[in-house]
Protein chains: 2
Amino acid sequence: MACENLSIGDLAKATSTKVETIRYYERISLLPAPERTAGNYRSYSAAHLGRLSFIRRARDLGFSIEQVRDLLGLSDQRDRPCEAVDAIAREHLAEVKRKIRDLQALRRELDSILSQCSRGTVAECQIIEALSPTATPRGGGIRTPETE
Amino acid sequence: MACENLSIGDLAKATSTKVETIRYYERISLLPAPERTAGNYRSYSAAHLGRLSFIRRARDLGFSIEQVRDLLGLSDQRDRPCEAVDAIAREHLAEVKRKIRDLQALRRELDSILSQCSRGTVAECQIIEALSPTATPRGGGIRTPETE
DNA sequence: TGTGCACCCTGTAGCAACTACAGGGTCAAG
DNA sequence: CTTGACCCTGTAGTTGCTACAGGGTGCACA
(Lines give C-alpha, C1' and ligand atoms only; values in the text may rest on other atoms or scores of the structure.)
Protein backbone atom coordinates (compact mmCIF):
# COMPACT_ATOMS: atom_id res chain seq x y z
CA MET A 1 0.00 0.00 0.00
CA ALA A 2 0.97 3.52 -0.76
CA CYS A 3 4.01 2.87 -2.90
CA GLU A 4 5.87 5.52 -4.90
CA ASN A 5 4.24 8.59 -3.33
CA LEU A 6 3.95 10.98 -6.22
CA SER A 7 2.89 14.57 -5.76
CA ILE A 8 0.14 15.86 -7.99
CA GLY A 9 2.78 17.71 -10.01
CA ASP A 10 4.79 14.52 -10.51
CA LEU A 11 1.70 12.66 -11.63
CA ALA A 12 0.82 15.50 -13.98
CA LYS A 13 4.23 15.38 -15.59
CA ALA A 14 4.24 11.58 -15.82
CA THR A 15 0.92 11.53 -17.66
CA SER A 16 1.08 14.84 -19.56
CA THR A 17 -2.01 16.02 -17.73
CA LYS A 18 -2.61 19.39 -16.14
CA VAL A 19 -2.76 19.50 -12.38
CA GLU A 20 -6.24 21.04 -12.53
CA THR A 21 -7.44 18.21 -14.74
CA ILE A 22 -6.29 15.63 -12.20
CA ARG A 23 -8.17 17.44 -9.46
CA TYR A 24 -11.16 17.61 -11.79
CA TYR A 25 -11.04 13.84 -12.38
CA GLU A 26 -11.00 13.36 -8.63
CA ARG A 27 -13.97 15.68 -8.18
CA ILE A 28 -16.03 13.72 -10.70
CA SER A 29 -14.90 10.43 -9.12
CA LEU A 30 -13.03 9.20 -12.17
CA LEU A 31 -9.77 8.99 -10.26
CA PRO A 32 -10.03 7.96 -6.58
CA ALA A 33 -8.96 10.45 -3.96
CA PRO A 34 -5.40 9.64 -2.82
CA GLU A 35 -4.06 9.78 0.68
CA ARG A 36 -2.75 13.06 1.98
CA THR A 37 0.57 14.05 3.53
CA ALA A 38 0.85 15.83 6.86
CA GLY A 39 0.72 19.12 4.97
CA ASN A 40 -2.48 18.07 3.16
CA TYR A 41 -0.77 17.42 -0.15
CA ARG A 42 -2.15 14.64 -2.36
CA SER A 43 0.12 11.57 -2.41
CA TYR A 44 -0.36 9.19 -5.35
CA SER A 45 0.63 5.54 -5.71
CA ALA A 46 1.64 3.53 -8.78
CA ALA A 47 -1.95 2.32 -8.99
CA HIS A 48 -3.11 5.89 -9.48
CA LEU A 49 -0.49 6.38 -12.16
CA GLY A 50 -1.74 3.32 -14.02
CA ARG A 51 -5.34 4.35 -13.79
CA LEU A 52 -4.70 7.90 -14.91
CA SER A 53 -2.60 6.63 -17.83
CA PHE A 54 -5.52 4.46 -18.89
CA ILE A 55 -7.89 7.40 -18.64
CA ARG A 56 -5.61 9.63 -20.71
CA ARG A 57 -5.11 7.02 -23.40
CA ALA A 58 -8.83 6.42 -23.68
CA ARG A 59 -9.54 10.16 -23.76
CA ASP A 60 -6.90 10.62 -26.46
CA LEU A 61 -8.74 7.98 -28.45
CA GLY A 62 -11.82 10.12 -28.14
CA PHE A 63 -13.80 8.10 -25.61
CA SER A 64 -16.09 10.29 -23.54
CA ILE A 65 -15.67 10.54 -19.80
CA GLU A 66 -18.71 8.32 -19.33
CA GLN A 67 -17.33 5.74 -21.74
CA VAL A 68 -14.04 5.79 -19.86
CA ARG A 69 -15.92 5.34 -16.62
CA ASP A 70 -17.67 2.29 -18.09
CA LEU A 71 -14.44 0.85 -19.45
CA LEU A 72 -12.76 1.26 -16.07
CA GLY A 73 -15.69 -0.42 -14.35
CA LEU A 74 -15.53 -3.32 -16.78
CA SER A 75 -11.79 -3.71 -16.57
CA ASP A 76 -12.17 -4.40 -12.88
CA GLN A 77 -14.36 -7.44 -13.53
CA ARG A 78 -11.64 -9.64 -14.96
CA ASP A 79 -13.60 -12.88 -15.34
CA ARG A 80 -16.68 -11.52 -17.10
CA PRO A 81 -16.90 -11.81 -20.89
CA CYS A 82 -15.58 -8.77 -22.66
CA GLU A 83 -18.58 -8.21 -24.92
CA ALA A 84 -19.52 -4.99 -23.16
CA VAL A 85 -16.03 -3.64 -23.72
CA ASP A 86 -16.25 -4.55 -27.37
CA ALA A 87 -19.64 -2.84 -27.64
CA ILE A 88 -18.35 0.44 -26.25
CA ALA A 89 -15.40 0.46 -28.63
CA ARG A 90 -17.60 -0.46 -31.59
CA GLU A 91 -20.07 2.27 -30.79
CA HIS A 92 -17.28 4.77 -30.53
CA LEU A 93 -15.85 3.63 -33.84
CA ALA A 94 -19.23 4.09 -35.50
CA GLU A 95 -19.39 7.60 -34.11
CA VAL A 96 -15.92 8.40 -35.41
CA LYS A 97 -16.88 7.12 -38.86
CA ARG A 98 -20.00 9.25 -38.83
CA LYS A 99 -17.97 12.33 -37.95
CA ILE A 100 -15.50 11.63 -40.74
CA ARG A 101 -18.33 11.37 -43.26
CA ASP A 102 -19.88 14.63 -42.06
CA LEU A 103 -16.58 16.46 -42.17
CA GLN A 104 -15.80 15.16 -45.63
CA ALA A 105 -19.13 16.45 -46.91
CA LEU A 106 -18.30 19.75 -45.26
CA ARG A 107 -14.88 19.85 -46.85
CA ARG A 108 -16.32 19.27 -50.30
CA GLU A 109 -18.75 22.11 -49.77
CA LEU A 110 -16.09 24.49 -48.49
CA ASP A 111 -13.81 23.48 -51.37
CA SER A 112 -16.48 24.31 -53.87
CA ILE A 113 -17.33 27.61 -52.23
CA LEU A 114 -13.68 28.63 -52.08
CA SER A 115 -13.00 27.64 -55.67
CA GLN A 116 -15.47 30.26 -56.79
CA CYS A 117 -13.76 33.17 -55.09
CA SER A 118 -12.78 35.61 -57.83
CA ARG A 119 -10.95 37.85 -55.36
CA GLY A 120 -13.02 40.89 -56.20
CA THR A 121 -14.97 43.03 -53.78
CA VAL A 122 -17.19 41.77 -51.04
CA ALA A 123 -20.18 42.71 -53.17
CA GLU A 124 -19.22 40.06 -55.74
CA CYS A 125 -17.92 37.58 -53.22
CA GLN A 126 -19.19 34.09 -53.94
CA ILE A 127 -18.43 32.97 -50.42
CA ILE A 128 -20.82 35.47 -48.91
CA GLU A 129 -23.22 34.62 -51.70
CA ALA A 130 -23.04 30.93 -50.92
CA LEU A 131 -23.88 31.60 -47.32
CA SER A 132 -26.72 33.94 -48.09
CA PRO A 133 -30.34 32.87 -48.20
CA THR A 134 -32.28 32.57 -51.48
CA ALA A 135 -30.61 35.02 -53.90
CA THR A 136 -29.49 38.12 -52.04
CA PRO A 137 -31.89 40.88 -53.12
CA ARG A 138 -29.94 43.45 -55.15
CA GLY A 139 -29.08 46.38 -53.00
CA GLY A 140 -26.74 44.74 -50.67
CA GLY A 141 -25.33 42.93 -47.77
CA ILE A 142 -27.03 40.54 -45.49
CA ARG A 143 -29.41 43.37 -44.70
CA THR A 144 -28.22 44.27 -41.24
CA PRO A 145 -31.37 45.21 -39.39
CA GLU A 146 -30.79 48.47 -37.59
CA THR A 147 -32.59 48.78 -34.31
CA GLU A 148 -34.06 52.08 -35.37
CA MET B 1 -40.15 50.25 -42.35
CA ALA B 2 -40.55 47.09 -40.26
CA CYS B 3 -41.92 44.83 -42.96
CA GLU B 4 -43.27 41.32 -42.43
CA ASN B 5 -43.52 41.40 -38.62
CA LEU B 6 -42.67 37.85 -37.66
CA SER B 7 -43.04 36.59 -34.11
CA ILE B 8 -40.08 34.76 -32.62
CA GLY B 9 -41.93 31.49 -33.18
CA ASP B 10 -42.48 32.29 -36.87
CA LEU B 11 -38.81 33.16 -37.28
CA ALA B 12 -37.84 29.97 -35.49
CA LYS B 13 -39.95 27.88 -37.84
CA ALA B 14 -38.75 29.72 -40.93
CA THR B 15 -35.10 29.10 -40.09
CA SER B 16 -35.34 25.75 -38.26
CA THR B 17 -33.93 27.36 -35.17
CA LYS B 18 -35.12 27.00 -31.61
CA VAL B 19 -36.73 30.01 -30.01
CA GLU B 20 -34.20 29.92 -27.19
CA THR B 21 -31.37 29.95 -29.69
CA ILE B 22 -32.71 33.11 -31.33
CA ARG B 23 -32.89 34.82 -27.96
CA TYR B 24 -29.38 33.58 -27.28
CA TYR B 25 -28.10 35.10 -30.54
CA GLU B 26 -29.69 38.38 -29.53
CA ARG B 27 -28.07 38.23 -26.11
CA ILE B 28 -24.61 37.77 -27.62
CA SER B 29 -25.34 40.51 -30.17
CA LEU B 30 -25.16 38.26 -33.20
CA LEU B 31 -28.71 39.09 -34.21
CA PRO B 32 -29.85 42.68 -33.52
CA ALA B 33 -32.68 43.20 -31.07
CA PRO B 34 -35.94 43.65 -32.97
CA GLU B 35 -38.72 46.08 -32.20
CA ARG B 36 -41.36 45.05 -29.70
CA THR B 37 -45.14 44.94 -29.94
CA ALA B 38 -47.42 46.61 -27.42
CA GLY B 39 -47.41 43.35 -25.46
CA ASN B 40 -43.60 43.29 -25.42
CA TYR B 41 -43.33 40.52 -28.00
CA ARG B 42 -40.36 40.57 -30.38
CA SER B 43 -41.33 41.58 -33.92
CA TYR B 44 -38.93 40.59 -36.68
CA SER B 45 -38.51 42.00 -40.20
CA ALA B 46 -37.39 40.33 -43.42
CA ALA B 47 -33.92 41.71 -42.75
CA HIS B 48 -33.77 39.71 -39.54
CA LEU B 49 -34.91 36.63 -41.41
CA GLY B 50 -32.11 37.08 -43.94
CA ARG B 51 -29.49 37.60 -41.33
CA LEU B 52 -30.55 34.64 -39.25
CA SER B 53 -30.61 32.42 -42.35
CA PHE B 54 -27.05 33.47 -43.07
CA ILE B 55 -26.03 32.68 -39.52
CA ARG B 56 -27.65 29.25 -39.63
CA ARG B 57 -26.07 28.35 -42.92
CA ALA B 58 -22.64 29.39 -41.73
CA ARG B 59 -23.09 27.50 -38.46
CA ASP B 60 -24.20 24.41 -40.38
CA LEU B 61 -20.97 24.68 -42.32
CA GLY B 62 -19.14 24.56 -39.03
CA PHE B 63 -18.04 28.19 -38.74
CA SER B 64 -17.70 29.28 -35.12
CA ILE B 65 -19.86 32.04 -33.71
CA GLU B 66 -16.88 34.39 -33.85
CA GLN B 67 -16.19 33.50 -37.46
CA VAL B 68 -19.83 34.13 -38.29
CA ARG B 69 -19.59 37.46 -36.54
CA ASP B 70 -16.58 38.35 -38.67
CA LEU B 71 -18.26 37.21 -41.88
CA LEU B 72 -21.33 39.29 -41.09
CA GLY B 73 -19.20 42.31 -40.37
CA LEU B 74 -17.36 41.87 -43.65
CA SER B 75 -20.49 41.28 -45.68
CA ASP B 76 -21.67 44.73 -44.67
CA GLN B 77 -18.66 46.39 -46.28
CA ARG B 78 -19.67 45.70 -49.85
CA ASP B 79 -16.92 47.64 -51.65
CA ARG B 80 -13.93 46.27 -49.76
CA PRO B 81 -11.91 43.45 -51.28
CA CYS B 82 -13.06 40.06 -50.17
CA GLU B 83 -9.68 38.72 -49.12
CA ALA B 84 -10.62 38.66 -45.48
CA VAL B 85 -13.69 36.58 -46.27
CA ASP B 86 -11.56 34.20 -48.25
CA ALA B 87 -9.08 33.95 -45.38
CA ILE B 88 -11.75 32.98 -42.86
CA ALA B 89 -13.14 30.30 -45.13
CA ARG B 90 -9.66 28.99 -45.93
CA GLU B 91 -8.72 28.82 -42.29
CA HIS B 92 -11.91 26.95 -41.53
CA LEU B 93 -11.25 24.53 -44.36
CA ALA B 94 -7.76 23.87 -43.02
CA GLU B 95 -9.25 23.14 -39.64
CA VAL B 96 -11.78 20.75 -41.13
CA LYS B 97 -9.01 18.94 -43.00
CA ARG B 98 -6.99 18.65 -39.82
CA LYS B 99 -9.96 17.15 -38.00
CA ILE B 100 -10.52 14.65 -40.78
CA ARG B 101 -6.89 13.55 -40.61
CA ASP B 102 -7.05 13.16 -36.84
CA LEU B 103 -10.26 11.20 -36.98
CA GLN B 104 -8.92 8.93 -39.70
CA ALA B 105 -5.88 8.13 -37.58
CA LEU B 106 -8.24 7.45 -34.72
CA ARG B 107 -10.38 5.17 -36.82
CA ARG B 108 -7.37 3.14 -37.92
CA GLU B 109 -6.34 2.72 -34.31
CA LEU B 110 -9.82 1.72 -33.17
CA ASP B 111 -10.10 -0.66 -36.12
CA SER B 112 -6.88 -2.36 -35.15
CA ILE B 113 -7.82 -2.56 -31.49
CA LEU B 114 -11.22 -4.02 -32.32
CA SER B 115 -9.82 -6.55 -34.77
CA GLN B 116 -7.89 -8.14 -31.92
CA CYS B 117 -10.91 -8.82 -29.75
CA SER B 118 -11.05 -12.57 -29.23
CA ARG B 119 -14.33 -12.36 -27.34
CA GLY B 120 -12.99 -14.05 -24.27
CA THR B 121 -13.05 -12.70 -20.74
CA VAL B 122 -12.16 -9.18 -19.70
CA ALA B 123 -8.86 -10.52 -18.37
CA GLU B 124 -7.77 -11.43 -21.91
CA CYS B 125 -9.41 -8.46 -23.55
CA GLN B 126 -7.11 -6.82 -26.05
CA ILE B 127 -9.12 -3.66 -26.00
CA ILE B 128 -8.49 -3.09 -22.32
CA GLU B 129 -4.93 -4.16 -22.95
CA ALA B 130 -4.49 -1.63 -25.71
CA LEU B 131 -5.68 1.14 -23.45
CA SER B 132 -3.52 0.13 -20.53
CA PRO B 133 -0.14 1.60 -19.80
CA THR B 134 3.09 -0.34 -20.27
CA ALA B 135 2.14 -4.01 -20.00
CA THR B 136 -0.49 -4.52 -17.33
CA PRO B 137 1.32 -6.22 -14.44
CA ARG B 138 -0.05 -9.74 -14.02
CA GLY B 139 -2.54 -9.80 -11.22
CA GLY B 140 -5.17 -7.71 -12.73
CA GLY B 141 -7.23 -4.83 -13.76
CA ILE B 142 -6.20 -1.26 -14.08
CA ARG B 143 -5.24 -1.45 -10.43
CA THR B 144 -8.11 0.49 -8.95
CA PRO B 145 -6.55 2.39 -6.08
CA GLU B 146 -8.68 1.90 -3.00
CA THR B 147 -8.79 4.89 -0.71
CA GLU B 148 -7.76 2.77 2.22
C1' DT C 1 -67.61 36.97 -19.81
C1' DG C 2 -64.76 33.48 -18.67
C1' DT C 3 -61.39 30.16 -19.47
C1' DG C 4 -58.30 27.38 -21.74
C1' DC C 5 -54.48 27.02 -24.49
C1' DA C 6 -50.58 28.27 -27.27
C1' DC C 7 -47.49 31.36 -27.31
C1' DC C 8 -44.37 34.96 -25.40
C1' DC C 9 -41.31 37.21 -21.58
C1' DT C 10 -37.01 37.29 -18.20
C1' DG C 11 -33.59 35.11 -15.70
C1' DT C 12 -30.96 31.42 -14.28
C1' DA C 13 -28.83 26.89 -14.35
C1' DG C 14 -27.28 22.97 -16.84
C1' DC C 15 -24.43 20.11 -20.48
C1' DA C 16 -18.89 18.43 -21.72
C1' DA C 17 -14.49 18.58 -20.29
C1' DC C 18 -11.83 21.10 -18.84
C1' DT C 19 -9.08 25.79 -17.74
C1' DA C 20 -8.02 29.77 -15.09
C1' DC C 21 -8.00 32.47 -11.60
C1' DA C 22 -8.07 34.38 -6.39
C1' DG C 23 -6.51 33.98 -2.09
C1' DG C 24 -4.35 31.41 0.75
C1' DG C 25 -0.87 27.35 2.92
C1' DT C 26 3.69 24.31 2.77
C1' DC C 27 8.34 23.30 2.14
C1' DA C 28 13.18 23.24 0.85
C1' DA C 29 17.17 26.11 -0.56
C1' DG C 30 20.07 29.94 0.09
C1' DC D 1 14.23 34.31 7.32
C1' DT D 2 12.88 35.13 3.07
C1' DT D 3 12.18 33.72 -1.65
C1' DG D 4 10.13 30.85 -4.86
C1' DA D 5 8.09 26.71 -6.40
C1' DC D 6 4.79 24.07 -5.38
C1' DC D 7 0.24 22.78 -3.20
C1' DC D 8 -4.72 23.70 -1.31
C1' DT D 9 -9.98 25.07 -1.92
C1' DG D 10 -13.52 27.20 -4.28
C1' DT D 11 -15.51 29.55 -7.91
C1' DA D 12 -16.12 31.30 -12.52
C1' DG D 13 -15.07 31.12 -17.34
C1' DT D 14 -15.03 28.65 -21.98
C1' DT D 15 -18.55 27.13 -26.52
C1' DG D 16 -23.08 26.96 -28.21
C1' DC D 17 -26.66 26.23 -26.96
C1' DT D 18 -30.87 23.89 -24.12
C1' DA D 19 -34.10 23.59 -20.37
C1' DC D 20 -36.46 25.02 -16.91
C1' DA D 21 -39.27 28.24 -13.41
C1' DG D 22 -42.45 31.53 -12.83
C1' DG D 23 -44.77 34.61 -14.82
C1' DG D 24 -47.59 37.66 -18.92
C1' DT D 25 -50.29 37.99 -23.65
C1' DG D 26 -53.55 36.99 -27.18
C1' DC D 27 -57.08 34.62 -29.40
C1' DA D 28 -60.70 31.11 -30.04
C1' DC D 29 -64.63 28.95 -28.23
C1' DA D 30 -68.71 28.29 -24.88
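Residue numbering restarts at 1 for every chain, and letters A, B, ... go by the order of the sequence lines. Because the structure is a prediction, the values reported are computed rather than measured.
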- Item | 5' priority, DNA chain D, between B/I65 and A/I8 [closest heavy atom] | A/I8
- note: A/N40, atom CG; D/dG10, atom P; distance rounded to Å ~ 11 Å
- Message: Without decimals, in angstroms, what is the distance between A/Y24 OH and C/dA16 C1'?
- Response: 6 Å
- Do the side-chain N or O atoms of A/S7 get closer than 4.0 angstrom to the phosphate oxygens (OP1, OP2) of D/dC7? yes
- B/L52 has an atom CG; how far is it from atom P of D/dC17, in whole Å? 11 Å
- Rounded to whole angstrom units, what separation is found between the CG atom of B/L31 and the P atom of D/dG16? 16 Å
- Message: Looking at D/dT18, I'd like to know if its phosphate oxygens (OP1 or OP2) sit under 4.0 Å from a side-chain N or O belonging to B/T21.
- Response: yes
- Message: If I take atom CZ in residue B/R69 and atom C1' in nucleotide D/dC17, what distance separates them, rounded to the nearest angstrom?
- Response: 14 Å
- Task: Figure out the CG/P separation between A/N5 and D/dC7, and round it to whole Å.
- Result: 14 Å
- Ranking C/dC18, C/dC8, C/dC9 by distance to the side chain of B/R23, first place goes to C/dC9
- At under 4.0 Å, does any side-chain N or O of B/K18 touch on OP1 or OP2 of D/dA19? yes
- Query: Below 4.5 Å, heavy atoms only, C-beta onward: do A/L11 and A/T17 meet side chain to side chain?
  - Reply: no
- Task: Using a cut-off of strictly less than 4.0 Å, decide whether A/Y25 has a side-chain nitrogen or oxygen near OP1 or OP2 of C/dA17.
- Result: no
- Item | Distance-minimising heavy-atom pair for B/R69 and B/S29 | NH1-O, 3.3 Å
- Mapping A/S64 and A/A38 to their closest nucleotides on DNA chain C, which lands nearer the 5' end? A/S64
- Pairwise side-chain contact, A/L30 with A/Y24, heavy-atom cut-off 4.5 Å (strictly under): no
- State whether the side chain of A/E95 and the backbone N or O of A/H92 hold a donor-acceptor pair below 3.5 Å, judged by distance alone. no
- B/R42 has an atom CZ; how far is it from atom P of D/dG24, in whole Å? 17 Å
- Message: Could you check whether the side chain of A/Y41 and the base of C/dT26 have a donor-acceptor pair of N or O atoms closer than 3.5 Å, going by distance alone?
- Response: yes
- Query: Heavy atoms, side chains only, cut-off 4.5 Å: are A/N5 and A/E35 in contact?
  - Reply: no
- Query: Reckon A/T37 touches a base, only the sugar-phosphate, or nothing at all at heavy-atom distances under 4.0 Å?
  - Reply: nothing
- Query: Within this structure, what is the CD-to-P distance between A/E20 and C/dA22, rounded to whole angstrom?
  - Reply: 13 Å
- Message: Can you tell me if B/R36 touches the phosphate of C/dT10, counting only side-chain N or O atoms and a distance under 4.0 Å to OP1 or OP2?
- Response: yes
